[in-house]
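Report on one structure; see the data block that follows.
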Amino acid sequence: MKHTLALVLILLFAGGALYLAQHRKRQDAVSANAVVDMAADWQRDMTRAPMQFTRISDEQETQIGDKLALQYVSALPEKSAEARATEQYVNEVGGRVAAHAKRKLNYRFHLIGDANLINAFALPGGHVFIGQGLLDQMTSEDELAFILGHELEHIDHYHAVERVQIEAKLKSLNLDIVAAVAEIPMSLWQAGYSKDQEFEADREGLRIAVAAGYSPQGAVKMTERLEKLQREYVIHAETPTGELSQVAIDGLTGYFRSHPLSSERLEQVNMVIAQDHLAKDQPLKPFHIEYEVTSGEK
Amino acid sequence: MDDSFLVLLAIGALLAIPTIAIIALVRTGRLRRRLEEASSDFGDKINDLKGEIVGLRRDLSQLSRRVDQPVAVAPQTAPVKASVPELRIEPAIHHAEGAAPPPLKLQAALVPEPLVFLKQSTPSAPPPLSKPEVVVVHDKQIASAVVDTAPAAAANEEEWLQYIAKRGATLRKPGTSIKDEYEQFVAARAARQPETPHVAAPAMPALTAPSIAAPPRFASFEAAPPRKSFAERLRTTLPLEELLGMNLFAKIGIVLLVLGFALGGKLALVSMGPAARVALIYAASVALLIGGIWLERKERYRIVGRAGIGGGWATLFFTTYAMYHVPAMTVMASNTLNCVLMLGVAIAMVAHTLRYKSQVVTGLAFLLAFSTIALSQDSVYALSAGVILAAGIVAIALRMGWFELEVFGILASYANHFYWLYRLFPDGVAGHQFPQFWPSAIILIFYWAIFRVSYIVRTIRLRRDESISTIAALLNTMLLGAVMKFQSTRPELAFYGILAIGVAEFIFGQLPITRRRRPAFVLLTVIGTLLIFASVPFKFSGNNIALFWMIAAEVLLIAGIQQKEILFRRLGLIAGFVTGLLVVYEAWGIIDFRQHSNLPRIQDGILLLTCSVLFYWNALFIRRKWSSLFDSFGGALAMCHSYIGGATAFLGLWCIFTGDWTAVSWAALLLGLTLGTKYLDDNHLLAQGALLFVAAWYTSVVVNCHLDDFYPHHIATRLITLPILALIFYIAAWTLSAAKDLGPHPRRLVLWAGTSLIALLAWFEVAPVWVAPVWMALAAALYLIARRIKLPDFAYQGYVLSVAVGAQLIAVNLYAQNSLERYLPFIGCAAAFYAISRFCALQGAPYRRPAAWMHTWAATALIAALAWNESPQLWLAAIWAVFALALAVIDRIFDVEELPYQAHVLALLAVLRAVTLNLYAQDQWRGVDLRLLTVSIVVAVLYTLARWVRIPESVSARHVYTWAGSGLAAWLLWSELQPISVALGMAVFGLVLFELGTWWQQKQIRLQAYAALTAAFARIFFVNLTAATLPGESISPRIYTIVPIALIFFFVWTQLQSDKAKPEIGRWSPSDLIAFFGSGSIVAVLYFETPVEWIVVAWAALTLVLVIATWALNKEVFLQQAVLLTVGIVGRGIAHNIFGGSYFSAGGWRGNFAVLSIASALLFAALPIAFQLRKRYADGRVVSLLGRYLALKRPEQWFFFAPVVLISMMIAVKMNPGIMTLSWGIEGVAVILLGLLVSQRSYRITGLSLLLLCVGKIVCLDAWRLSDTDRYITFIVLGASLFLVSMLYSKYRETVRRLL
């Protein structure tokens, strides 16, 4: 009798949970993110101690970053006048935010004129790259400041340089040799960092953006938009085996693509705003890009 | 002029002094060698005597010990066994075991020598009676001798020795010898044996292998062959090293030295004049020569010495050469004089080196002599020196038996001559004026004659000599031909030249002196014959060549038969075979001709058929007539003639018969060959017939079938020739069936060919949609004929036709436009298959059952295919499933044994169909989801089949159906539910299956439940844990979807505990795994729901709960989980909370004391319970593998060391160095106190270690590097080094061996 009663109760409980789950407003994506998150966090934690003991100097970090940036920039197509002006504008905003970083490096900002690139990434030593696609998603300068602050904090908190150190260890690269550094592909930086590091970059990036005079609502708006984008990109497999293979491929190729869910990032942004008592009603600054088109003839 | 005179004087002096010194050294060396030999012999003898004395003393002492300690001391000798050959005294062994003692194996060699020696060494001092051991040993030796020769060898030696020892110093009775005493002892023992069985002493088992050390000279004893050690095996490889180090290195080194001197003479010593250089290098040469001679006398350095001699002579020769030819050393104006000098040196060299009877050294001398000629020859007459050298080499080779040297001589002579020609005409003589042709040819002929005579007249002692002589003979002819070809200016003479040499070689081969040596006779006869045959194409061409060759071959064959000489017969047969190949090659053009023309070639055909008759004559008549003269090789050659005859007949028929009649003619020939096979009992004819059959059948298909003309066209010749061919094939098959010793395969092939032609005829002449029924009818007819005449081949052909029927139906009728043309052939053929399934094989045939099965399978497959073609796609799975159910039901009623298997296959197809199509369908059928409807039907049929279908082999096999049904149902769940609900749905499904499995007592159902639960657990890691809370949701979806799953896990675990917990898979129970799933789900939820810094605290709290659960429920599994989680806490605490975190923020890695302290406190809180658990599990209840690995008997260690490690690391990383030391000190004291409190030694040691760590906290390590440098090696230094290595190898070769 007890057994039957317990069984019925459990089935009722499970039925209720099933009802709630079936009537959820959003279809959840199937992915290996949970496993990858754990693996990435553990990997990052396990490498943290050796990274602290083998920390390279800021000068060497700057040299490596300069080499990588030179290589990546030289591979980009020539920029139009509009792109140059946009890059100038990004440098101005980034400079204001970078003034509040803890490490005083020579921070520089580059624009990648690819409208399909909805991403930004940072190199060790102070180079930040942002895609035109991501800029197209923004409606205010505050959002740009938050994104740039986020990337700056990846540099500021040694996330980028640790990535170089790990990559050098994995591939047995000698970082003193230019050719060895050149073997590090751009995709490594576009892949993102571990969940903890992304949270940290969000948190500290928001703080330095606000310290530079920008509204915290820029971070809120930007995170909300990213969540919307993420929902649009959820693709469901047609078979269990297809789902398995999709999960396996995503898990393998997206090892570092362990950005936390946008909803969790939004939750953290709101928490920081509340904890630090940041101004919620500060107006957002619109984009203000100025450029001049000339024919080149005198 | 003066300078030249002085130089010559100096050279003379330099040559004279060493010569005198050499003579003196040679004489003193001889005397010394004799002295050394005498001394060595004397020393050896003394050593032998010493060895004998030592051996005898050792024997004496051992035997004395054994007499003193007859039993107890025996084991002490055992260790000696490993190092020396054993001296087995087996009677003692067997007697100790109570068995009959075998005879002693001491041999006479052991005894007489010591006795004689003792008598000789102590003639005036007989062994005193006060020393019994001496007497005993003496007696024992004698006893051994007696034992070895007397039939009473079964006496126990040990007892005899004991008897002698007991007797002690008592004298023997006067007039009795020790032999008599021993015989008395043996007789007394034999009489005593039955009453007094031997009682072994307690220590006797150790005596099972007594042995004593024996000196090496007693190797004749029966001793186990010592196993080669690794070092010994390595030593066996040392000769290679010796070869390199002592031999090759010396030679290479000396060559390098010589070259080095040459370079030095050319380039170095710039300040010296040519004469001084020549004098210096002469001195070096003489020094090398003298040194070599000196070293050669010592056995140890003999190889090095000979290398030195060779090098000295080489340098001497080079210097002589350089006096005219090297500008920097030119001291001589006359080339002739220089040539004479060089020849003189070379002759001296030969004369000297012959003393050493070394082919290598003499060969080196000749090499240099030939080099001299090569360097100095200006006219053809200068080559006469080479003739002299060749004659000299032949003389030496014949005298010394150095036939290798003659090979070198042949090479050198012809190479020298060729070099002379090459210098005159680098591209060959042809087309140039060559006045020296005849002198050159005469010299070459002279070379050939000298070496050929040498080959004929030599006496062969060893087989190896014959082999080398053969090489020399071959080289002689080949090089002669090659050089003659190079200097050929009139090709028209080649025929005569080759013919003449061939005839000469043949005649040489027939000489009586040659025929005494069979290899020489064979070789020269073969060479002669080959050359004669080879000469023909130089003058004749076309069929004339074949004509001459054929005549010569027949002549040789007939001569061989008449003379009974196997060589002639073989040569004749080989020549005939080659001629046949030539004929076939010439006639092969008919193939190309037939590609574009069908005109008959009557003359060629008749010629080829004539050849065929000749070859068949050789093969079938001559060989059979004189069969005793044909050995296996001859028979094989004759067999080749038979094949050549077949080939020519094949080609001849092809020349005469064209078009559709070619295949008919070949088939007729095939029939003839089969008749020949039958009446001549010659299987080679059958093999030819097989090849011919392939050609005939291929041609009949490609040509006679007229592949381009299908129905409705009709070809008259096809209708005529194909039946004729089939008839011939059938007759040939009948002929072959009469041959008793043939297997069925040839006949089978021909039968198949006949039937295939009939089937092809039907295919070409009947409408495509009705071909299958016609073939079906033909197959049925074949089955009936096969049963009638009891010929299984027709049944096999029917099977193939049945397969063809199926293929034709699928390929043609399935796509017919008219439904009648689809349904009627399909159903008709299926019905025919079912009908003839029990009549399609011979009665009693072993394959009758599978043949019947094959037919019903074909019928079922045809119906299934028709259903696939005619039914709606989404319903096909259901139709196949129902068809499978119907077959199962029919089997239940009529007991048709193959139907269940067909049902299995149909069910499998239904499942595959559902998996590949139905599960993706989105269609509706009258408002019902078609996917749900059709898959549910399939699932229902599968569960029904699981109960109804007949699976006699294994009862559990029917659960394949339940597994398939459950799998489909799970997939349906996956398809119908939202992603986040799937895990929960699977868990519920698993729970239901588990309850059903328990209720029905079906283990397989429960296993399916476990699989579903496992899938549910895995699924949460891919959806549920990444599902974040949405705005408006009060409870996290992680919690409300995973917690029920965990509850289900724990509920199932509870049921498994109460349900007698019997193992489900082998000895393994899923109970623990389910419990791990439950706890793992909670751990995962905590990981994702708790702030990252606080995860360790949450886990520590869960650990505490698990420990309490272990204590309360008395379930070991929770303690396992607690221990594993503790490991995780330590790992995460160190990696994340201590080393992780931010570098800058206040919440980073320097501010988390509270988190780790709380986690440590929670772990410490589990410590009192852990002590309670230790008491509980201390009685050995922990039996699981995981439990043993986790050391669950000592849980208090885990819950102590985990927090201690965390705290210690926290102190180390988060505090400044001064406080760190203080903190570790305090922690250490606290830990020691705790250890004292709970009486734990490990705790106390930990505390002490912490204090020790405080003392030695700073350790500095410096590092250093090492670097390498390289050297440059010059030519002379390398040579000297190699030479030195060789010297060292020679000097220390024993040491090198010992080190290995």
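Letters go in sequence order (proteins before strands), and every chain restarts at 1.
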Exercise. Between B:L991 and chain A, which part of the residue has a heavy atom less than 4.5 Å away: side chain, backbone, both or neither?
Worked result: side chain

For this session: Using a strict 4.0 Å threshold on nitrogen-to-oxygen distance, state whether B:R1006 and B:E995 make a salt bridge.
Result: no

Problem set entry | B:S1071 side chain to B:Q1057 side chain, donor-acceptor N/O pair below 3.5 angstrom | yes

Problem set entry | Ionic contact status for B:E976 with B:R931, cut-off 4.0 Å | yes

For this session: Take B:H1136 and B:E1093, measure what side-chain hydrogen bond (donor to acceptor under 3.5 Å, both in side chains) needs, and give me the verdict at the end.
Result: CA-CA 8 Å; B:H1136 186 86; B:E1093 297 296 323; 3.2 Å; yes

Problem set entry | Proximal component of B:R1019, with respect to chain A [non-hydrogen, under 4.5 Å] | side chain

Problem set entry | Atom pair CG (B:L977) and CG (B:L984), whose distance is rounded to the nearest 0.5 Å | 9.0 Å

Exercise. Is it the case that A:R103 places NZ or CZ above or below the six-membered ring of A:Y158, under 6.0 angstrom from the centre and within 45 degrees of the axis?
Worked result: yes

Exercise. Where on A:I10 is there a heavy atom nearer than 4.5 Å to chain B: the side chain, the backbone, both, or neither?
Worked result: side chain

Problem set entry | Mutual orientation of the aromatic rings belonging to A:H157 and A:H159 [parallel < 30°, tilted 30-60°, perpendicular > 60°] | tilted

Problem set entry | Close contacts, residues 268-276 of chain A versus chain B, judged by heavy atoms under 4.5 Å | none

Seminar exercise, completed: Against chain A, residues from residues 1078-1090 of chain B with at least one heavy atom under 4.5 Å, in numeric order, are B:Y1087, B:F1088

For this session: Go through the steps to decide whether B:F1077 and B:V1052 satisfy the test side chain to side chain contact (heavy atoms under 4.5 Å, CB included), and finish with yes or no.
Result: CA-CA 11 Å; B:F1077 285 168; B:V1052 172; over 6 Å; no

Problem set entry | Portion of A:L11 that has a non-hydrogen atom of chain B nearer than 4.5 angstrom | side chain

Exercise. Do the rings of A:H154 and A:H150 sit parallel, tilted or perpendicular, given the 30° and 60° boundaries?
Worked result: perpendicular

Exercise. Where the side chain of A:R96 meets the backbone of A:A212, is there a donor-acceptor pair that is under 3.5 Å apart?
Worked result: no

Exercise. Are A:K102 and A:E204 ion-paired here, with the side-chain N under 4.0 Å from a carboxylate O?
Worked result: yes

